[in-house]
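Presented below is the structure to which this report refers.
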Amino acid sequence: MSKHAEKALELVREKNIKPGDTIPVAVYDEESFISLRNPDGMNFSEHRKTVTEVIDALSAYGFHAVPVEIKVSEYREWLGEDLNTTQNRAAFVAQKLKLN
């Protein structure tokens, strides 16, 4: 199991989420990944592989993991005239994950 999948399971357990509960997992298309992600050394193909591993691991433990697509076009609309900051990007992703 990948370190990202292990971390996801650890976070789920810390939040006392029960098997069967829905867990949203952020997934980006390539343009959105480049525009919205902080540089963390991960490239787009690694991101997609990691998302798949996390969803598979959560599903294997009985959680209903669902991908939530994060789109840069929606972010720009949501952002409006505000500054494009790390905080605003994080707030947008958090909002998207709560809506689904």
Side-chain angles (χ1 to χ4, degrees):
M1 182 180 311
S2 75
K3 66 179 180 179
H4 296 329
E6 288 175 7
K7 182 65 174 174
L9 286 167
E10 180 182 318
L11 290 171
V12 165
R13 290 180 182 123
E14 286 175 7
K15 294 180 182 250
N16 293 318
I17 298 172
K18 306 293 181 226
D21 287 350
T22 299
I23 300 173
V25 178
V27 62
Y28 298 81
D29 62 31
E30 192 163 12
E31 176 189 9
S32 301
F33 178 83
I34 291 166
S35 298
L36 298 176
R37 288 286 306 250
N38 288 330
D40 58 4
M42 186 181 293
N43 65 37
F44 178 69
S45 63
E46 292 169 331
H47 160 70
R48 296 303 284 229
K49 180 181 175 191
T50 297
V51 168
T52 299
E53 289 172 350
V54 167
I55 289 173
D56 290 349
L58 290 170
S59 297
Y61 280 85
F63 299 100
H64 180 63
V66 294
V68 176
E69 189 171 5
I70 306 298
K71 295 181 182 180
V72 70
S73 59
E74 292 175 358
Y75 169 70
R76 289 182 181 136
E77 184 177 318
W78 174 88
L79 187 63
E81 297 297 318
D82 288 344
L83 290 175
N84 176 21
T85 64
T86 301
Q87 258 183 327
N88 282 339
R89 289 190 300 271
F92 173 73
V93 171
Q95 177 185 344
K96 287 287 292 184
L97 293 177
K98 286 182 183 176
L99 291 176
N100 293 289

So which heavy atom on A91 is nearest to which on W78, and how close? CB-CH2, 3.9 Å
For D29 and K71, indicate whether the former's side chain and the latter's backbone hold a donor-acceptor pair under 3.5 Å. no
Parallel, tilted or perpendicular: ring planes of F44 versus F33, cut at 30 and 60 degrees: perpendicular
Only pairs at least two apart or in different chains count here, so list each ring pair (Phe, Tyr, Trp, His ring centres under 6.0 Å) that has a residue in residues 5-25. none
Counting C-beta onward and ignoring hydrogens, is there a side-chain heavy-atom pair between I70 and V27 closer than 4.5 Å? no
So, do F92 and E74 sit near enough that their side-chain heavy atoms are less than 4.5 Å apart? yes
Please name all residues satisfying salt bridge (Lys or Arg N to Asp or Glu O under 4.0 Å) with E10, sequence neighbours left out, ordered by chain then number. K7
How far apart are the closest heavy atoms of L36 and V72, and which atoms are they? CD1-CA, 3.9 Å
Is it true that atom CD of Q87 has more than 12 heavy atoms of other residues, nucleotides or ligands lying nearer than 6.0 Å? no
Residue pair R76 / S35, side-chain heavy-atom distance below 4.5 Å: yes
Restricting to non-hydrogen atoms, name the atom on P24 and the atom on L97 that form the minimum distance, rounded to 0.1 Å. CG-O, 3.2 Å
Which heavy-atom pair separates V66 from H64 by the least distance, and what is that distance? CG1-NE2, 3.3 Å
The test is side-chain contact (heavy atoms from CB on, under 4.5 Å); show your working for Y75 and V93 and say whether it passes. CA-CA 9 Å; Y75 169 70; V93 171; over 6 Å; no
Can you find a pair of side-chain heavy atoms, one from I34 and one from Y28, that are under 4.5 Å apart? no
Going by distance alone, is a donor N or O of one side chain under 3.5 Å from an acceptor N or O of the other, for T86 and R89? yes
M1 versus A57, closest heavy-atom pair with distance: SD-CB, 4.3 Å
What closest approach, in Å, do H47 and A26 show between heavy atoms, and which atom pair accounts for it? CE1-O, 3.9 Å
